[in-house]
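Working notes, beginning with the structure itself.
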Protein chains: 2
Amino acid sequence: MENLADKKKAILESTLELIKENGFHGTPMSLVAKQAGVAAGTIYHYFDSKDTLICQLFQYLRNQLLAVVRNSDVPGKPYQERFYDLWKSLCSFYTGNPNVLVFFEQFINSPYNKKRLEAGPDPFHQLIFSFLEEGVESGYLRPVNPEILGVLLHGSIVSTAKTYKFGNVQLGEADLEQIRQILWDGMAAKKNC
Amino acid sequence: MENLADKKKAILESTLELIKENGFHGTPMSLVAKQAGVAAGTIYHYFDSKDTLICQLFQYLRNQLLAVVRNSDVPGKPYQERFYDLWKSLCSFYTGNPNVLVFFEQFINSPYNKKRLEAGPDPFHQLIFSFLEEGVESGYLRPVNPEILGVLLHGSIVSTAKTYKFGNVQLGEADLEQIRQILWDGMAAKKNC
DNA sequence: GCAAACCGAATGAATATTCAATTAACAAAC
DNA sequence: GTTTGTTAATTGAATATTCATTCGGTTTGC
């Protein structure tokens, strides 16, 4: 899965790049071909249609995201640190790959996503969910539906990454730390209040 | 600004509807015309091009959002209640108008948004910012850059609204209450911890 | 009567997709 | 080591479709 054929990978990366630049529409196959350094016909050797190209691009990037999350988790550490690590690694993945974030947002709010939702929960979602569930059961997090905690966690990361890259305001490391802290303080079980 | 010509309004609303259904692309002018009950040429009487139609639709909806926020704020109330009201009104606007949420997300992550960002901060953003600034200065909220608080506030609302409508999980009123509570607990100044 | 609103078929440019032909990859046979 | 055969990869011009936009003419409001 990692060492995709060079051409196929080039096509996927070019599509990502162009969608960031020109938007979801306004990215003709001819441009994808040119940017990837292949002929138009070659794309159709690897992908049935533009639609499947876009859907497979989503899968491809989603797997990268999953790998990032998996690698960031060190089971031995205390829960709060693992929480911080998770937040940080996700956030830095998005800020380091802003075109991925843009593509995700476009994809998820497009009709393409309908089919995906009908296909059931994806591994990324499940991973986050079970991590939060563990936190609740161990008493580190408030006794709240982990789905809700996931909403807050993910929302804060996406929002932060967007502001970081696109906003007029520049957020520094200290700011990111604060956001993480505020989120934790809200979600953590209150011991002495 | 409120009583737009009937036809113009119909065109805007149809565009919104179709973009939710068929996505940003895949929404031809011919369909917009049919759905709005006008001729294709009529659209060009009101809008220079498809691009300006989409940009004006964004402005149109952004003004509605602004009005919702303005109406929800009752200056006499205690700050925490105003905070809750703001959160609730924004969230229910999005859950009640899911196509607006989808459109916003599409628009903001598209190249159209570049021009908008270059045009400076918009009134909606400013309103939220000053509300949070007031909270910080009055000592109700943590002494943190209001921009950061805004990120968290907006992220939690968007994420919640998306889950509410599109997620596999159904969130009830009690769940929304909890999310609001968690957010407040994170953002509020710590009095006794 | 006049100006603005409106119509919708016609136009022309853009573009997703196809396909017949060419080239590379590579293994088996000699 | 060369030939040969076979399959997969690649090309890019041609096709058919789609779609934004135009414009000459018609209707409506005043």
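So you know, we letter chains A, B, ... as the sequences are listed, proteins then strands, and number each from 1.
One atom, NZ of A:K34, and another, C1' of C:dT15, lie 14 Å apart when rounded to the nearest Å. To the nearest angstrom, C1' of C:dA13 lies 15 Å from NZ of B:K50. If you measure from atom CG of B:L53 to atom C1' of D:dC19, you get 15 Å, rounded to the nearest angstrom. One interatomic measurement links the two molecules: CG of B:D48 to P of D:dA20, which rounds to 16 Å at whole-angstrom precision. Between A:I43 atom CD1 and C:dT15 atom C1' the separation is 12 Å, expressed in whole Å. In this structure, CZ of A:F47 is placed 13 Å from P of D:dA9, rounded to the nearest angstrom. In this structure, B:Q35 atom CD and D:dC19 atom P are separated by 15 Å, rounded to whole Å.
A:Y94 places a side-chain heavy atom less than 4.5 Å from the side chain of A:L65.
Between the side chains of A:H125 and A:E147, at least one donor N or O lies within less than 3.5 Å of an accepting N or O. For the residue pair A:Y112/A:Q106, the side-chain donor-acceptor check at 3.5 Å is not satisfied. Checking B:E177 against B:Y84 by side-chain atom types alone, no donor-acceptor pair falls below 3.5 Å.
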Q.
Evaluate B:V158 against B:E105 for side chain to side chain contact (heavy atoms under 4.5 Å, CB included), listing each step before the verdict.
A. CA-CA 9 Å; B:V158 167; B:E105 294 288 299; 3.8 Å; yes
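Remark: A:R180 CZ to A:L153 CG distance equals 12.0 Å, nearest 0.5 Å. Note that CD1 of A:I179 is 11.0 Å distant from CE of B:M187, once rounded to the nearest 0.5 Å.
Both cation-pi conditions hold for A:R62 and A:F104: the charged atom is under 6.0 angstrom from the six-membered ring centre and inside a 45 degree cone around its axis.
Contacts between residues 17-30 of chain B and DNA chain C, defined by a heavy-atom separation below 4.0 Å, involve no residue at all.
Comparing B:G37 and A:Y44 against DNA chain C, the residue whose closest nucleotide sits nearer the 5' end is B:G37.
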Could you go over nucleotides 3-5 of chain C and give all protein N or O partners under 3.5 Å, atom names and distances?
| unit_1 | atom_1 | unit_2 | atom_2 | d |
| --- | --- | --- | --- | --- |
| C:dA5 | OP2 | B:H45 | NE2 | 2.8 |
| C:dA5 | O5' | B:H45 | NE2 | 3.2 |

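Annotation for A:N71: atom CG counts as buried by contact number, over 12 foreign heavy atoms lying within 6.0 Å.
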